[in-house]
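Sequential numbering from 1 along the given sequence is applied to the chain's residues.
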Amino acid sequence: MSPEAPIPASTASWLPVILDSAGPFSQPVTTLAWVIFTGGFVILGIVIAALTIALFGSPRLKARLGGEKAIWIGGFAFPVVVLTILLIWGLWLTSHLSAQRITGDEMRVRVIGEMWWWRVHYLDENGRETFRDANELHIPVGQPVLLDLQAADVIHSFWVPRLAGKMDMIPGRTNRLLIQADAPGVYHGQCAEYCGGPHALMGFVVVAHAPEDFARWQAARAPAPAAQGSAARGADLFMSSGCAACHTIRGSPADGLAGPDLTHVGSRRSLGAGILPNNKGTLAGWIADSQALKPGNRMPAYHQFDGEELRALADYLASRQ
Ligand code: CUA
């Protein structure tokens with residue numbers, strides 16, 4: 001049904017994500033990380049050499065290593081000079097990452113951190129909401145995207161290492177962050193500030209599309225047509241069993257706001273805020289016992305559904321494309 005070109009599941013190399021920038025707003029962080037890691041290895045080499053001399057060196061070398069001059073240079077002057085240069089250079093390198101470079105031409109999205117998932121509100125150029133989604137952020141490649149980052153409850157931190165540095169999400173204020181992907185792909189993100197309970201399971205994905213595919217994706221944000229067959233039975237269960245009190249599915253009576261918007265849940269790549277692949281099996285498993293999959297999350301386990309009911313619910317949700 002989706003006409004878009006397939007998106008590579010991952011464009012990442014074997015490098016740790018922090019050393020593998022995929023856009024201009026993470027590049028300075030990556031440059032800094034390379035310098036710090038490389039410098040760290042060189043200094044580690046020097047320390048091991050000094051240790052080797054201290055243990056196995058000739059008495060003359062040992063005396064020089066333990067002399068006052070070596071202590072002053074290696075133990076005082078060198079760290080002071082290196083750390084001062086690193087501080088000034090790092091501040092200069094990352095200074096332009098602050099939101100001062102906003103031009104007004106960026107695509108805009110508001111992302112709100114919740115315990116333990118993400119509300120995603122797409123905005124028009126005037127900052128008005130156009131539609132809602134959750135736990136997945138779609139962007140066009142090669143275009144800066146300005147994020148308004150907020151928090152509903154406690155402090156979270158928005159971090160997609162390959163696209164930008166970290167930015168805290170603080171209740172009562174809006175922090176701004178620019179991201180941009182230079183190639184189509186799926187970029188994984190993670191809450192980077194301890195926010196209680198399943199903080200470590202508060203992930204998300206950013207999906208970067210080629211511009212024409214992004215336009216198609218955007219045009220396909222109308223609610224899916226009414227469900228048929230087993231999915232229709234699932235829709236009835238969804239509306240009558242309490243699901244609709246917490247979740248919105250546009251185009252249906254479900255208009256709850258406590259949990260993630262499920263209008264297009266069937267098209268998402270992951271489930272449970274970035275922690276599971278999204279398919280009928282994981283959908284049914286999540287409904288039956290989300291507490292076993294993500295202990296402490298705010299959705300209760302629904303042990304009352306039998307296998308057939310779970311299949312119907314999964315059919316319904318999977319059809320919400
Ligand atoms: Cu949200 Cu940690």
Side-chain angles (χ1 to χ4, degrees), residues 10-101 144 147 149 154-170 175-183 185 187-196 199-204 206 274:
S10 173
T11 53
S13 65
W14 53 272
L15 287 166
V17 284
I18 194 73
L19 296 175
D20 193 18
S21 166
F25 300 111
S26 56
Q27 189 56 57
V29 180
T30 301
T31 305
L32 195 59
W34 271 112
V35 168
I36 288 174
F37 280 120
T38 311
F41 272 109
V42 170
I43 291 168
L44 180 67
I46 295 170
V47 169
I48 290 173
L51 197 62
T52 309
I53 291 171
L55 289 171
F56 309 111
S58 67
R60 192 178 59 86
L61 281 176
K62 281 184 183 175
R64 283 186 70 174
L65 189 65
E68 206 165 296
K69 198 169 148 198
I71 303 288
W72 272 105
I73 292 174
F76 182 73
F78 181 76
V80 167
V81 169
V82 167
L83 292 176
T84 305
I85 291 172
L86 207 55
L87 176 68
I88 294 168
W89 180 64
L91 287 173
W92 173 82
L93 194 66
T94 51
S95 61
H96 75 279
L97 288 178
S98 60
Q100 283 150 5
R101 289 212 315 180
L147 303 177
L149 300 177
V154 298
I155 298 176
H156 304 271
S157 180
F158 183 95
W159 191 32
V160 201
R162 299 193 64 218
L163 301 184
K166 293 173 190 170
M167 180 65 81
D168 274 4
M169 309 169 104
I170 299 168
N175 283 339
R176 293 183 140 183
L177 181 71
L178 285 165
I179 63 169
Q180 179 177 326
D182 286 339
Y187 301 92
H188 290 269
Q190 168 65 35
C191 179
E193 175 76 36
Y194 181 69
C195 51
H199 148 76
L201 299 177
M202 185 172 169
F204 62 102
V206 176

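When all heavy atoms of His199 and Gln190 are compared, the closest pair comes out as O-NE2, 3.3 Å. Closest of all the heavy-atom pairs between Ile179 and Phe25 is C-CD1, 3.6 Å. For the pair Pro79 and Gly74, the tightest heavy-atom approach, listed with the atom from each and the gap, is CD-O, 3.4 Å. What you find for Arg64 and Ala70 is that their closest heavy atoms are O-CB, 3.5 Å. When all heavy atoms of Arg176 and Met167 are compared, the closest pair comes out as O-CE, 3.2 Å. Taking every heavy atom of both residues into account, Gly57 and Lys62 meet most closely at O-CE, 3.4 Å.
In terms of modelled atom types and a separation under 3.5 Å, the side chain of Arg162 and the main chain of Asp20 share a donor-acceptor contact.
Side-chain contact between His156 and Val154 is present, with at least one heavy-atom pair separated by less than 4.5 Å. You'll find the side chain of Phe37 reaches within 4.5 Å of the side chain of Ile18, heavy atoms only. Using a 4.5 Å cut-off on side-chain heavy atoms (C-beta onward), Asp182 and Pro24 make contact. A heavy-atom distance below 4.5 Å is found between the side chains of Val160 and Phe204.
One distance of note links CG of Leu32 with CG of Leu19; it measures 11.0 Å at 0.5 Å rounding. Rounding to the nearest 0.5 angstrom, the gap separating the CD atom in Gln180 from the CD atom in Gln27 is 12.0 Å. Put simply, NE2 on His188 and CG on Leu163 are 11.0 Å apart, with the number rounded to the nearest 0.5 Å. Atom CG of Asp168 and atom CH2 of Trp159 lie 12.5 Å apart (nearest 0.5 Å). Taken to the nearest 0.5 Å, the CG atom of Leu61 stands 11.5 Å off from the OG1 atom of Thr52. Distance check, rounded to the nearest 0.5 Å: CG of Leu149 to CD1 of Ile170 gives 10.0 Å.
Within a 6.0 Å sphere centred on CH2 of Trp89, heavy atoms belonging to other residues, nucleotides or ligands number more than 12.
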